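Since the structure is predicted, the reported quantities are computational estimates derived from the model, not experimental observations. Atom set for the values below is all heavy atoms of this structure, side chains included, hydrogens, waters and symmetry mates excluded. Throughout, protein chains are lettered first and strands after them, A, B, ... in sequence-line order, and every chain is numbered starting at 1.
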There are 2 protein chains.
Amino acid sequence: MKKIILTAFLALSLITGSASAMSKSVSIADQGSFAAGGTVVQTPGALKPEEPMNPAGQTLHGDHAYVFYQKPVHAHKYPLVFLHGGGQSAKTWETTPDGRDGFQNIFLGRGYSTYLVDQPRRGRAGQGTVDGTVSASTLDQFWYAQFRLGIWPNYYEGVQFPKGEEALNQFLRQITPNTGDFDKQVISDSMTAVFEKSGDGILVSHSQGGGPGWLTAVKSNKVKAVVSFEPWDGFFFPEGEVPEAIQTSSPFGALEGTPIAMEDFLKLTKIPILVYYGDNIPDKPSKEWNGDSWHARLDMARIWVDTINRHGGDATLVHLPEIGIYGNTHFIISDLNNVQIANHMSVWMHEKGLDK
Amino acid sequence: MKKIILTAFLALSLITGSASAMSKSVSIADQGSFAAGGTVVQTPGALKPEEPMNPAGQTLHGDHAYVFYQKPVHAHKYPLVFLHGGGQSAKTWETTPDGRDGFQNIFLGRGYSTYLVDQPRRGRAGQGTVDGTVSASTLDQFWYAQFRLGIWPNYYEGVQFPKGEEALNQFLRQITPNTGDFDKQVISDSMTAVFEKSGDGILVSHSQGGGPGWLTAVKSNKVKAVVSFEPWDGFFFPEGEVPEAIQTSSPFGALEGTPIAMEDFLKLTKIPILVYYGDNIPDKPSKEWNGDSWHARLDMARIWVDTINRHGGDATLVHLPEIGIYGNTHFIISDLNNVQIANHMSVWMHEKGLDK
């Protein structure tokens with residue numbers, strides 16, 4: 001019965017489309033923030049209190065994640081733990097560029113506790129244990145293509161990105177730089193610490209968050225499922241089963257699978273996994289660098305999902321156009337149809353018994 | 001009558017002390033995030049779509065603030081807009097290092113809408129329009145003294161900082177670096193844009209946020225009051241009335257007042273202003289660099305408040321030990337007695353008619 005009601009609800013949502021921000025109030029039982037994981041480094045030498053800027057003998061806390069969490073009253077058993085992608089912070093999951101609810105509010109409204117992460121060396125978790133540089137290079141038009149809004153200044157036909165100057169302004173200002181090298185091991189270590197705080201939960205990753213996300217599921221037995229939106233790289237295969245690299249015409253070069261011990265790989269076969277890719281990804285190699293780059297990722301993801309399932313896993317790849325959902329950019333979770341996408345994800349979580 | 005009830009409530013709070021995190025649920029009518037202000041820069045030259053990492057012809061959006069807001073049901077008229085200090089993000093106002101409610105939850109629970117800002121070139125607003133470097137220098141023991149927890153490894157006697165390794169760990173991980181030069185004008189421009197979104201409101205600043213906070217009140221007529229916790233610098237005086245610089249033995253050198261046009265200065269005399277300083281600030285020049293540095297600031301703030309009032313303004317300086325509140329660090333807003341401090345601020349807001 002529960003499933004029938006849910007399906008009817010979803011059908012209605014598909015007709016009415018997306019709602020504006022928070023159409024009804026949400027009762028929050030608790031909310032707050034914390035740092036998770038990280039390391040402490042120390043400079044050799046004797047501490048000199050009268051020379052406070054002398055690093056000798058002093059320590060530094062860095063490489064932690066920052067997390068903001070909210071628990072609605074009567075929350076589902078499993079919280080959703082959100083890990084952003086490249087050039088982004090937890091903002092990815094908040095208000096959309098045109099002011100609608102992002103996944104934070106949508107799933108809070110559906111009774112899920114949410115944990116929004118800024119990964120180590122990004123956003124509010126900006127203090128790393130390595131020096132970093134931040135560039136003010138002009139790259140808006142690169143990101144525009146990379147995130148598949150279109151080829152500047154044109155949008156792809158039928159694209160699910162909100163039109164208007166202010167939406168694009170907001171979208172481009174979501175971008176926030178690395179404050180130190182991107183490091184999958186550092187990130188997945190901190191994410192493991194996040195799950196120690198959240199308890200058993202569902203990891204939702206985007207883009208560059210895909211790779212450290214799989215590693216988190218390998219490292220932590222508290223990751224009970226993974227939903228990954230357009231994972232960028234970090235496709236882990238058992239040693240000896242890594243497929244041939246896929247060449248691309250993009251500045252990122254060839255896409256390679258990454259070998260991992262069979263024992264670790266098999267951990268990914270013990271939890272349900274759902275992977276989404278959006279629209280405007282060519283179905284064969286393309287001369288346009290962005291399309292070609294994403295074509296390689298979709299192809300690799302298909303091989304990866306097949307490999308997971310061949311080893312007894314439960315992974316599903318949804319290429320949205322194949323189920324009749326068109327126009328999605330790389331930011332499926334904040335596109336105009338993000339309620340429809342959230343509904344699809346909700347149905348899957350229900351089918352897998354994750355919405356208890 | 002209303003005032004009497006409030007006072008009784010406060011007296012009770014003084015006895016019972018601080019509560020743990022969110023003792024009752026809060027009904028949120030709306031929440032979300034946005035970028036405010038900022039600029040767009042462009043590299044000269046022709047855009048080459050086939051060379052996506054070539055900055056020629058491309059733009060960059062940067063120097064905006066990032067804001068997360070929450071509106072409780074039946075909110076007071078004026079929201080609180082929070083601006084953090086040096087080496088910090090909006091995390092300053094969230095959960096305390098030992099897991100209690102920060103000012104975000106405390107004032108949300110009291111019916112205020114809250115706007116928590118990451119200033120330009122910090123935290124989730126990390127993309128500036130100038131290059132930056134991030135250092136992994138070991139400076140924990142510097143911050144420990146600078147923030148007046150004590151002189152490492154000792155805490156000041158009776159300090160209101162929560163004891164225990166994990167609280168200190170959380171506190172030190174709140175620190176997040178500049179991703180570009182600190183610039184009061186850039187920050188106050190973006191804060192003016194924040195107030196365009198929030199509407200008329202009360203600016204609450206901390207430490208290094210003091211200076212750009214005063215400038216925001218000069219630039220925006222939507223700032224209806226300012227509460228500033230331990231403003232660090234940016235004490236603006238009318239041209240010709242700047243007091244003598246105060247020398248210090250700290251690595252930050254002498255503290256100077258900053259001249260500003262009389263017309264601008266007078267804007268600060270049109271709104272109620274409340275300034276707090278905590279404990280362990282020497283009442284005369286000191287050989288300990290951190291105490292000496294704060295002694296200079298408290299002294300300068302006294303001169304500044306007198307100057308505001310001499311020109312017809314309504315500024316109040318509260319040096320907490322003078323009203324019998326002892327042990328506060330530089331982080332008055334997250335110290336063990338932060339509910340008591342919030343109560344004091346609530347009384348002031350009520351007296352000034354700011355809690356409508």
Side-chain angles (χ1 to χ4, degrees), chain A residues 21-22 25-35 38 41-43 47 49-50 52-53 55 58-62 64 66 73 89 91 94-95 105 123-142 145 151-152 169-170 172-173 175-177 179-180 251 289, chain B residues 21-22 25-35 38 41-43 47 49-50 52-53 55 58-62 64 66 73 89 91 94-95 105 123-142 145 151-152 169-170 172-173 175-177 179-180 251 289:
Chain A
M22 276 205 151
S25 65
V26 173
S27 210
I28 304 284
D30 193 17
Q31 68 174 24
S33 63
F34 56 85
V41 295
Q42 186 167 23
T43 301
L47 186 69
E50 70 284 5
M53 308 309 280
Q58 296 203 53
T59 57
L60 172 72
H61 287 62
H64 46 272
Y66 161 90
V73 295
S89 68
K91 167 66 180 152
E94 297 174 349
T95 306
N105 284 1
R124 293 177 180 170
Q127 188 59 64
T129 61
V130 294
D131 292 339
T133 58
V134 176
S135 165
S137 264
T138 54
L139 289 174
D140 284 345
Q141 285 67 28
F142 155 72
I151 301 295
W152 183 273
N169 177 59
Q170 288 289 326
L172 290 170
R173 292 185 189 284
I175 295 170
T176 196
T179 55
W289 67 268
Chain B
M22 273 208 150
S25 66
V26 173
S27 211
I28 305 285
D30 193 16
Q31 68 174 25
S33 63
F34 56 85
V41 295
Q42 186 169 23
T43 302
L47 186 68
E50 71 284 7
M53 307 309 280
Q58 295 202 53
T59 58
L60 172 73
H61 287 63
H64 46 274
Y66 160 90
V73 294
S89 69
K91 167 65 181 154
E94 298 175 347
T95 307
N105 283 0
R124 292 177 181 171
Q127 188 59 65
T129 62
V130 294
D131 292 338
T133 56
V134 175
S135 164
S137 264
T138 54
L139 289 174
D140 283 344
Q141 285 67 28
F142 155 72
I151 302 295
W152 182 274
N169 177 59
Q170 288 289 325
L172 291 169
R173 293 184 188 283
I175 296 170
T176 196
T179 55
W289 68 267

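Within the 4.5 angstrom heavy-atom criterion, atoms from both the backbone and the side chain of A:T43 approach chain B. Contacts between B:S27 and chain A at a heavy-atom distance below 4.5 Å involve backbone atoms as well as side-chain atoms. Of the two parts of A:V73, only the side chain, counted from C-beta on, holds a non-hydrogen atom closer than 4.5 Å to a non-hydrogen atom of chain B. Residue B:T179 touches chain A through both its backbone and its side chain, counting heavy-atom pairs closer than 4.5 Å.
Heavy-atom minimum distance, B:E94 versus A:S33: OE1-OG, 2.7 Å. The minimum heavy-atom distance between B:G62 and A:R173, with the atom names listed, is O-NH1, 3.0 Å. Minimum interatomic distance between A:Q127 and B:P177 (heavy atoms only, all atoms of both residues): N-CD, 3.6 Å.
Annotation: the span from B:Q170 atom CD to A:H64 atom NE2 amounts to 9.0 Å, rounded to 0.5 Å. A:R124 CZ to B:Y66 OH: the interatomic distance, rounded to the nearest 0.5 Å, is 5.0 Å.
Annotation: maximal heavy-atom pairing with chain B below 4.5 Å, among A:T138, A:I175, A:L60, occurs at A:T138. The candidate from A:A145, A:G32, A:S135 with the greatest count of non-hydrogen atom pairs under 4.5 Å with chain B is A:S135. Counting heavy-atom pairs closer than 4.5 Å to chain A, the top-ranked of the candidates B:G128, B:A136, B:A125 is B:A136. Listed options A:T59, A:T176, A:I151, A:T133 were ranked by heavy-atom pairs under 4.5 angstrom with chain B; first place goes to A:T59. Note: A:D140 leads A:D131, A:D140, A:T129, A:V130 in heavy-atom pairs under 4.5 Å with chain B.
Partners of A:I28 by side-chain contact (heavy atoms from CB on, under 4.5 Å), not counting sequence neighbours, listed by chain and number: A:V26, A:Q31, A:Q70, A:L108, B:M22, B:I28. Under the side-chain contact (heavy atoms from CB on, under 4.5 Å) criterion, B:P251 pairs with A:P52, A:M53, B:W289, sequence neighbours left out.
A donor-acceptor pair is defined here as one N or O able to donate and one able to accept, closer than 3.5 Å; no such pair exists between the side chain of B:H61 and the backbone of A:L172.
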